[in-house]
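Below, each value reflects all heavy atoms present in this structure, side chains not excepted, and no hydrogens, waters or symmetry copies.
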Amino acid sequence: YCRWHPQRTFRALLEALAAADDIDRGARGELFRQVRGAMRHFDWPCRFELYHEIIVKCRVDSIIGAVITVFKDDWWPRVQALSPERDRAALVAEQQRLVDILKASLSGEIQIVDGMDTITAAVNICRLVALARAPVAVALRKALRKGSGSGVDLDMMLGGISQQIDFELKLLEQPPDSATAGAAARAVAEAFGIGDGSVDLQAMKRDRIAMVAHLVARARELF
């Protein structure tokens, strides 16, 4: 008999969508919205498990970043509707979901250039919580500070990303292998439709890392 595994099914659909190079941007976006809509038919606890498993097991940065954003769009309205006094148990559950997403996306070995979408999406949730005026945001912020028990030390996690940023920027100061760099530049130029292959990969990577560095620095200031 056939047993359906929703987590594997949706992850396979998203990975296939990301890997297909013969789909134009508009069609790709519409197909992603269809997959997102299908996942949203699940009740929230099960839906969160779908999101979390994709984030943990997928290796495609663009997919992980997109799923984190979908989580944020579903999770934040639910959190805002809670009362710290009346809905304490529900608030604790949503607080733990936030912690689980941040642990899955911001801890462990992170490559800045290859994980930009993941880092950006996760840090944007942190900024949302930090800047929110809703009463529940106070409880959520406590879970992101050192000594929060079952929460996370967000500043330590962001500090680790900052160290990785410094490391990758130092690597970019070293001259690249000319043959490898030339082949990579031609591949990028072809992908973006640049006819003469004049793509400065080092500058492109440096710009991407700088964008993440700015976002992480601003988030650390908020906490």
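- Using modelled atom types, one side-chain atom of R141 and one backbone atom of A132 make a donor-acceptor pair closer than 3.5 Å.
- The two residues C46 and F42 come nearest to each other via the heavy atoms SG-CD2, 3.6 Å.
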Criterion side-chain contact (heavy atoms from CB on, under 4.5 Å) on I112 and R208, from CA distance to verdict: CA-CA 8 Å; I112 306 303; R208 288 173 65 86; over 6 Å; no

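- When all heavy atoms are compared, the tightest approach of I165 to A213 is CD1-CA, 3.5 Å.
- For the residue pair A137 and V129, the shortest heavy atom distance occurs at CB-O, 3.9 Å.
- For the pair K146/M156, no side-chain contact is recorded, criterion being any heavy-atom separation below 4.5 Å from C-beta on.
- Residues V56 and E53 form no side-chain contact, since every pair of their non-hydrogen atoms from C-beta on lies 4.5 Å or further apart.
- Considering CZ of R220 and CD1 of I161, their distance stands at 9.5 Å, rounded to 0.5 Å.
- Aromatic ring orientation, W44 versus Y51: perpendicular (interplanar angle above 60°, classes split at 30° and 60°).
- Nearest approach of P84 to L91, heavy atoms of both residues: CA-CD2, 4.1 Å.
- Side-chain contact between D87 and V136 is absent, with no heavy-atom pair separated by less than 4.5 Å.
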Could you pull out all donor-acceptor pairs under 3.5 Å where a side-chain atom in residues 114-124 meets a protein atom, sequence neighbours excluded?
unit_1	atom_1	unit_2	atom_2	d
T118	OG1	D61	OD1	2.7
T120	OG1	M116	O	2.8
N124	ND2	T120	O	3.2

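- No side-chain heavy atom of I64 sits under 4.5 Å from any side-chain heavy atom of I54.
- A distance of 9.5 Å separates CG in L144 from CG in D153, rounded to the nearest 0.5 Å.
- Here salt bridge (Lys or Arg N to Asp or Glu O under 4.0 Å) pairs that include residues 69-82, with residues two or more places apart or in two chains, are R40-D74, R47-D74.
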List the atom pairs, donor and acceptor, that lie under 3.5 Å between side-chain atoms in residues 19-26 and the rest of the protein, sequence neighbours left out.
unit_1	atom_1	unit_2	atom_2	d
D24	OD1	G26	N	3.1
D24	OD1	A27	N	2.8

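- Using a 4.5 Å heavy-atom threshold, the side chains of Q164 and V216 count as separate.
- Residue-environment remark: CG (D43) stays at or below the threshold of 12 foreign heavy atoms within 6.0 Å.
- Using a 4.5 Å heavy-atom threshold, the side chains of C126 and L154 count as touching.
- Each side chain to side chain donor-acceptor pair (under 3.5 Å) pair with one or both residues in residues 7-20, not counting sequence neighbours, appears once here: W4-T9.
- Here the CG-CZ distance, from L140 to R145, works out to 11.0 Å after rounding to the nearest 0.5 Å.
- Hydrophobic cluster membership of F167, counting Ile, Leu, Val, Met, Phe, Trp and Tyr whose side-chain heavy atoms lie under 4.5 Å apart directly or via other members: L171.
- Interatomic distance, CE of M39 versus CG of L13, reported as 9.0 Å (0.5 Å rounding).
- A single hydrophobic cluster is seen to contain both M211 and V113, as judged by linkage of ILVMFWY side chains at heavy-atom distances under 4.5 Å, directly or through other members.
- A salt bridge is defined here as a Lys NZ or Arg NE, NH1 or NH2 lying under 4.0 Å from an Asp or Glu carboxylate O, and K170 with E173 fails to meet this definition.
- Side-chain contact between V79 and L98: absent, with no pair of heavy atoms (C-beta onward) separated by less than 4.5 Å.
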Please lay out, stage by stage, how L14 and V67 fare under the test side-chain contact (heavy atoms from CB on, under 4.5 Å). CA-CA 10 Å; L14 291 171; V67 172; 4.0 Å; yes

May I have the step-by-step check of side-chain contact (heavy atoms from CB on, under 4.5 Å) for W76 and I125, ending in yes or no? CA-CA 9 Å; W76 185 238; I125 297 179; over 6 Å; no

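- Listed by first then second residue, pairs satisfying ring pair (Phe, Tyr, Trp, His ring centres under 6.0 Å) with a partner in residues 105-142 number zero, not counting sequence neighbours.
- In the displayed structure, E109 atom CD is contacted under 6.0 Å by at most 12 heavy atoms of other residues, nucleotides or ligands.
- Counting all heavy atoms, side chain and backbone alike, E94 lies closest to L82 at CG-CD1, 4.0 Å.
- Separation of atoms CZ (R206) and CG (L169) is listed at 7.5 Å; rounding is to 0.5 Å.
- One hydrophobic cluster, built from ILVMFWY side chains closer than 4.5 Å, holds both L222 and M157.
- Put simply, CG on L50 and CZ on F10 are 6.0 Å apart, with the number rounded to the nearest 0.5 Å.
- Across every non-hydrogen atom of I68 and S105, the tightest pair is CD1-CB, 3.7 Å.
- Between H52 and R97, the closest side-chain pair of non-hydrogen atoms is not below 4.5 Å.
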